[in-house]
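Read through the structure below, which is laid out as structure tokens, and then see the notes.
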Amino acid sequence: MNIHEYQAKEIFAKYGVPVPKGKVAFSVEEAVQNAKDLGGKIWVVKAQIHAGGRGLGGGVKLAKSIDEVRELAQEILGMTLVTHQTGPKGKLVQKIYIEEGADIADELYLGVVLDRAKEMPVIMASTEGGMEIEKVASETPEKIIKVAVDPTIGFQGFHGRKLAFGLGLPKEQVGKFIKFAAALYKVYTENDASLIEINPLVKTGAGDFVALDGKMGFDDSALGRHPDIEAMRDLSEEDPAEMEASKYGLSYVKLDGNVGCMVNGAGLAMGTMDTINYVGGTPANFLDVGGTASAQTVAKAFEIILRDPNVKSIFVNIFGGIVRCDRIANGILDATKLVDVHVPVVVRLDGTNAAEAAEILKNANISNVITASDLGDGAKKAVAAAKGE
Amino acid sequence: MSILVNKDTKVIVQGFTGKEGTFHAGQCLDYGTQIVGGVTPNKGGQTHLGKPVFNTVQEAIKATGATVSMIFVPPAFVGDAVMEAADAGIDLAVIITEGAPVKDMMMAKAYAVKNNMKTIGPNCPGVITAEECKIGIMPGMVFKKGNVGLISKSGTLTYEGANQVCKAGYGITTAVGIGGDPIIGLSYIQLLEMFEADSDTEAIVMIGEIGGDLEIQAAKFIKNNVTKPVVAFIAGQTAPKGKRMGHAGAIISGSAGTAAEKMAALEAAGVTVVKSPAEIGEKVKEVLSK
């Protein structure tokens with residue numbers, strides 16, 4: 001799960017990570033009021049969407065008067081922001097953050113992420129703040145300092161020193177930076193974050209460090225113990241079909257092709273998509289029905305897949321393990337009674353009681369159900385059916 | 001021979017009396033696995049599936065001599081359970097539980113390594129030595145005895161792969177589902193090393209997926225250390241970037257962890273890489289009849 005910048009900054013502030021003063025607004029009037037409440041002479045109006053690159057896309061602008069705040073709020077609220085992370089369709093801006101202007105002497109980068117190879121959180125810092133960090137990593141990797149923190153000892157002074165001296169900070173700023181990094185590491189571990197990025201981390205004229213931006217993602221498996229973070233979930237940022245699917249224990253991701261897929265297990269689901277592609281077709285979706293494909297979940301899966309108008313055929317690929325294939329075959333039959341399945345459905349059932357399952361489907365004699373003997377055969381038949389062959 | 005487990009392996013079940021633990025421990029017993037008892041706190045002294053229940057892993061080991069634990073404890077408590085097994089001196093913990101918090105597994109793994117306990121999983125189907133010992137949730141009948149070792153991140157692709165190997169006229173020595181989470185126990189390299197040393201294993205099937213770089217590390221290892229033929233499939237060639245594909249670890253972040261990059265690394269290491277899992281059986285036949 002991801003959260004907005006303003007929410008990340010709320011969490012930062014709780015842990016003593018310095019952030020500029022700011023307030024979120026859902027309307028132009030609220031934005032103006034926020035600017036007045038904050039005081040000062042310069043404000044930044046920032047679109048709040050779950051994607052990076054907002055500045056380049058025109059979603060972050062500087063206002064030098066209250067009137068300008070009003071104009072910019074009018075411009076940004078309701079706009080569809082397209083950045084390199086939103087995809088070509090962009091994202092609708094429904095809230096903006098009004099922040100006091102910062103005194104920027106230098107821009108750095110600081111992030112914490114899980115290093116899967118080391119099996120530890122790694123803190124990354126760079127002098128190249130404000131740039132796309134992936135670009136820095138590929139073009140000038142020597143400008144990124146990486147410090148892995150063994151979770152069994154936690155953040156120590158030496159971790160901080162490796163970062164601060166690595167960045168070449170003057171000695172009067174080293175202590176301040178270490179304090180900042182230590183607080184950020186605490187934010188990461190105590191909230192079960194999967195990612196934190198501050199880009200840019202600003203050094204002010206007075207030599208203080210301030211998080212000018214904030215991006216946070218969380219480990220979905222740990223949200224149960226963080227109800228405060230779960231409450232920050234912005235449903236408007238999530239795909240409605242994926243959300244609905246997850247309510248029924250289905251894992252669904254929409255793609256652009258025309259062969260719908262219903263598979264048990266995430267790996268086999270990806271493998272099925274790959275096989276459809278391999279035999280000359282295009283998968284319309286990823287869908288994992290999970291370990292217990294009941295009539296109800298199968299029906300829901302058909303419903304979600306068929307909502308996509310591109311879908312011309314559906315490939316049901318189930319490797320029955322503990323779940324017996326005959327039960328799944330019955331589930332498919334029941335599902336076709338609950339949902340109007342108006343495209344050809346190719347069914348491949350293998351594993352426990354596969355022969356009984358084939359018999360059930362054969363006897364049911366449904367005109368648009370085509371049986372397949374194995375994965376390759378099923379993929380070919382589904383692709384052919386999608387082409388109307 | 002085989003790797004990790006065999007007909008003499010004594011197994012306890014943590015989370016023995018829960019719904020999942022009960023069902024799958026029963027299936028393992030039917031398969032012939034020596035399940036010698038289980039652990040459920042506050043239920044010590046009871047008998048479940050005809051086997052003794054203990055309050056702690058330590059008591060269970062003392063009474064049964066078990067060396068392996070199969071763990072079905074719910075996600076919020078699974079880190080604790082793994083560390084208890086390590087503390088008590090278990091040699092191998094097979095963690096079936098899905099949805100364990102990453103931080104908990106990071107700590108538990110570090111503690112397991114410190115105590116010389118091997119782990120498999122979490123979020124995995126487990127390990128099976130064909131026709132001898134099944135520790136996990138896989139359908140036993142798919143795995144016929146033979147000479148092919150199998151390592152997979154995905155559960156159902158493990159079954160698909162094993163099924164094809166058997167239909168091609170071969171069989172399985174041991175199959176290990178290593179799980180698709182960001183932090184996992186035994187990984188490709190350790191298992192490849194074990195299969196390379198196992199006299200019964202003549203070929204290895206390796207099934208990976210998008211996300212992380214374990215397959216790339218494995219490719220480097222294979223190039224220098226594995227003489228037996230390896231057939232590999234990487235799931236997710238058609239997966240979009242930045243989207244989590246079911247497994248917590250199956251996500252292409254930025255441009256890293258793509259199927260294309262992993263397939264290229266494996267091919268460069270001399271591995272036979274298939275573009276569809278439907279070709280695993282055929283390719284195994286090809287490499288074994290050379």
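The model shown is predicted, which means the values in this text are computed figures rather than measured ones. Lettering follows sequence order; numbering is per chain, from 1. Keep in mind that the numbers below use all heavy atoms, side chains included, and drop hydrogens, waters and symmetry copies.
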For this session: Output the distance between atom OG (Ser221(A)) and atom CG (Asp104(B)), rounded to the nearest 0.5 Å.
Result: 9.5 Å
Exercise. For Phe221(B), does the CZ atom sit with more than 12 other heavy atoms under 6.0 Å from it, leaving out its own atoms?
Worked result: yes
Exercise. Are the side chains of Thr275(A) and Pro277(B) in touch, meaning some heavy atoms are under 4.5 Å apart?
Worked result: yes
Problem set entry | Region of Pro151(A) that comes under 4.5 Å of a non-hydrogen atom in chain B | both
For this session: Counting only heavy atoms closer than 4.5 Å, note whether Asp256(A) contacts chain B via side chain, backbone, both or neither.
Result: neither
For this session: Working to the nearest 0.5 Å, report the span between CZ of Arg116(A) and OG of Ser187(B).
Result: 10.0 Å
Exercise. Which bit of Pro182(B) comes within less than 4.5 Å of chain A, counting heavy atoms only: side chain, backbone, both or neither?
Worked result: both
For this session: Measure the shortest side-chain to side-chain distance between Leu157(B) and Met270(A) over non-hydrogen atoms and say whether it is less than 4.5 angstrom.
Result: no
Exercise. Taking the side chain as C-beta and beyond, is there a heavy-atom pair between Lys103(B) and Pro121(A) under 4.5 Å?
Worked result: no
Problem set entry | Short side-chain to backbone donor-acceptor contact, Asp274(A) and Ser276(B), under 3.5 Å | no
Exercise. Non-hydrogen atoms of chain A under 4.5 Å away: do they reach the side chain of Ala110(B), the backbone, both or neither?
Worked result: side chain
For this session: Find the one option among Leu287(A), Val253(A), Leu268(A) whose heavy-atom pairs under 4.5 Å with chain B are most numerous.
Result: Leu268(A)
Problem set entry | Inter-residue atom distance Met106(B).CE - Met120(A).CE, 0.5 Å rounding | 9.0 Å
Exercise. Relative to chain B, which of Thr282(A), Asp192(A), Asp150(A) shows the most heavy atom pairs under 4.5 Å?
Worked result: Asp192(A)
For this session: Kindly indicate whether the side chain of Tyr111(B), heavy atoms from C-beta on, has any atom under 4.5 Å from the side chain of Thr152(A).
Result: no
Problem set entry | Closest contact, heavy atoms only, Ala278(B) versus Leu375(A) | N-CD2, 3.8 Å
For this session: Please look at Lys109(B) and chain A and tell me whether the side chain, the backbone, both or neither of the residue comes under 4.5 angstrom of a heavy atom of that chain.
Result: side chain
Exercise. What heavy-atom pair brings Gly320(A) and Pro139(B) nearest, and what distance separates the two atoms?
Worked result: O-CG, 4.4 Å
For this session: Check whether Lys167(B) gets within reach of chain A through its side chain, its backbone, both or neither, counting any heavy atom under 4.5 Å.
Result: side chain
For this session: Might you confirm whether atom NZ of Lys381(A) has over 12 heavy atoms from other residues, nucleotides or ligands at distances under 6.0 Å?
Result: yes
Exercise. When you check the gap from the basic side-chain N to the acidic O, do Glu160(B) and Arg348(A) get nearer than 4.0 Å?
Worked result: yes
For this session: Heavy-atom pairs under 4.5 Å with chain A are the metric here; pick the option from Val142(B), Ile183(B), Thr238(B) that has the most.
Result: Thr238(B)
Problem set entry | Atom group of Ile234(B) that falls short of 4.5 Å from chain A, counting heavy atoms | backbone
Exercise. For the residue pair Gly267(A) and Ala235(B), what are the closest heavy atoms and their distance?
Worked result: O-CB, 3.8 Å
Problem set entry | Residue pair Met245(B) / Met273(A), side-chain heavy-atom distance below 4.5 Å | yes
For this session: Classify the side-chain pair Glu279(B)/Tyr278(A) by whether it contains a donor and acceptor separated by less than 3.5 Å.
Result: yes
Exercise. Under a 4.5 Å heavy-atom cutoff, which of Glu242(A), Arg225(A), Gln85(A) has the most pairs with chain B?
Worked result: Arg225(A)
For this session: Could you tell me which portion of Ile207(B) (side chain, backbone, both or neither) has an atom closer than 4.5 angstrom to a non-hydrogen atom of chain A?
Result: neither
Problem set entry | Among Ser194(A), Gly271(A), Ala137(A), Gly376(A), residue most engaged with chain B (heavy-atom pairs, under 4.5 Å) | Gly271(A)
Seminar exercise, completed: Interface check, chain A: of Glu209(B), Lys243(B), Arg244(B), most non-hydrogen pairs under 4.5 Å belong to Lys243(B)
Problem set entry | Heavy-atom pair of closest approach, residues Thr156(B) and Phe319(A) | CG2-O, 4.3 Å
For this session: Tell me, for Ser251(A) versus chain B, whether the close heavy atoms (under 4.5 Å) come from the side chain, the backbone, both or neither.
Result: side chain
